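Not measured: the values here are computed from a predicted model. Residues: numbered from 1 along the sequence shown.
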Amino acid sequence: MNEERQQAFTHSGDCILNSLRSVSNVSYNGKSTKCITLWDTGATCSAISMDVVSKLNLVPFGQQEIHTPSGTKTVNSYLVDIVLPNSLKISDWHVIDSEIGDQGLDLLVGMDIISKGDFSVSNYDGKTTFTFRTPSQKKTDYVQQLAVQNTLARKGGMPHKGKKRK
């Protein structure tokens, strides 16, 4: 059995959000800085702004070539600790530097982190909620869930919302 520490957080907006943002911290060598964080399922790796690099006096351990909608370029790589909401800590994580500061962002969480757990977004009742947990705990399949609900409803196994079963 995997003994990895289970961690999670949930972030809710008071309306339908067009981007998923939270506040996180990035730390290195005893220094830490608060970060406006964008959760981006279209990004393969996580990135930090040049402002974060400067504030933490980060020293790159290497470089890598990345492909963006603007083209291909070479960027610096760093190892940092990331503390997401609810103290969800990701230690010694590989990030790259980026020009995301131009968009008012400090940290971009990409699929390298998102794929380490379960990530879900809902827009119920006109409000966006997103939640993340690590490690992954089970498969989520809405098609399968609806099939079970519909089967039970047809057989009278599920009461209709607002009505009591006899």
Side-chain angles (χ1 to χ4, degrees), residues 1-27 32-53 64 66-70 75 77-154 157-162:
M1 182 175 159
N2 188 351
E3 294 297 325
E4 189 176 350
R5 182 171 170 243
Q6 296 180 6
Q7 303 175 89
F9 82 86
T10 297
H11 181 75
S12 296
D14 56 3
C15 60
I16 298 292
L17 303 175
N18 63 5
S19 65
L20 303 177
R21 295 177 184 226
S22 63
V23 176
S24 305
N25 282 286
V26 172
S27 60
S32 181
T33 188
K34 187 187 229 182
C35 295
I36 302 300
T37 304
L38 177 70
W39 291 73
D40 187 350
T41 60
T44 57
C45 61
S46 295
I48 54 174
S49 69
M50 297 307 293
D51 189 44
V52 171
V53 171
Q64 75 179 61
I66 63 166
H67 306 279
T68 71
S70 307
V75 295
S77 300
Y78 306 89
L79 279 178
V80 297
D81 292 336
I82 299 171
V83 181
L84 301 169
N86 200 28
S87 300
L88 194 156
K89 187 173 184 181
I90 300 172
S91 299
D92 297 322
W93 201 257
H94 170 240
V95 295
I96 59 170
D97 59 29
S98 171
E99 297 167 4
I100 59 174
D102 296 345
Q103 301 169 48
L105 301 170
D106 304 303
L107 171 65
L108 184 143
V109 172
M111 286 303 295
D112 57 332
I113 291 177
I114 295 170
S115 67
K116 299 298 177 198
D118 296 324
F119 181 71
S120 182
V121 180
S122 67
N123 292 297
Y124 181 73
D125 202 21
K127 297 176 184 176
T128 300
T129 298
F130 69 98
T131 189
F132 176 71
R133 69 178 170 201
T134 185
S136 181
Q137 295 180 20
K138 70 177 185 174
K139 176 182 170 183
T140 301
D141 184 338
Y142 295 130
V143 172
Q144 182 182 24
Q145 290 175 14
L146 287 174
V148 169
Q149 288 175 359
N150 290 337
T151 299
L152 289 172
R154 279 192 301 273
M158 288 181 63
H160 294 285
K161 190 173 183 176

Could you name each residue pair satisfying side-chain hydrogen bond (donor to acceptor under 3.5 Å, both in side chains) that touches residues 112-123, not counting sequence neighbours? Ser46-Asp112, Trp93-Asp112, Asp118-Arg133, Asp118-Ser136, Ser120-Tyr142, Asn123-Thr128
Interatomic distance, [X] atom [atom1] to [Y] atom [atom2] [nearest 0.5 angstrom]:
X	Y	atom1	atom2	value
Leu146	Thr151	CG	OG1	10.5 Å
His11	Thr129	NE2	OG1	9.0 Å
Lys34	Leu107	NZ	CG	14.0 Å
Asn86	Thr10	CG	OG1	8.0 Å
His94	Ser77	NE2	OG	3.0 Å
Ile90	Asp81	CD1	CG	10.0 Å

Please report the C-alpha distance between Val52 and Val80 in whole Å, then the side-chain angles of each, then the deciding distance to 0.1 Å, and finally whether the side-chain contact (heavy atoms from CB on, under 4.5 Å) criterion is met. CA-CA 11 Å; Val52 171; Val80 297; over 6 Å; no
For the residue pair [X] and [Y], establish whether any side-chain heavy-atom pair is separated by less than 4.5 Å.
X	Y	result
Ser22	Phe130	yes
Asp106	Thr33	no
Thr44	Met111	no
Ile82	Thr37	no
Phe119	Thr41	yes
Trp39	Val121	no
Gln6	Thr134	no

Does CD belonging to Gln137 count more than 12 external heavy atoms closer than 6.0 Å? yes
Anything under 3.5 Å between a donor and an acceptor, one on a side chain of residues 13-21, the other on a protein residue two or more places apart or in another chain? List them.
from	atom 1	to	atom 2	distance (Å)
Ser19	OG	Arg21	NE	3.1

Between Ser32 and Ser27, is there a side-chain donor-acceptor contact under 3.5 Å, judged purely by atom types and distance? no
Looking at every heavy atom in both Leu108 and Cys45, which two are closest together, and how far apart are they?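 Closest heavy-atom pair between Leu108 and Cys45: CD2-O, 3.8 Å.
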Least distance between heavy atoms, Pro85 atom then Val23 atom: CG-O, 3.6 Å
Ser98 (side chain) donor-acceptor with Ser49 (main chain) under 3.5 angstrom: no
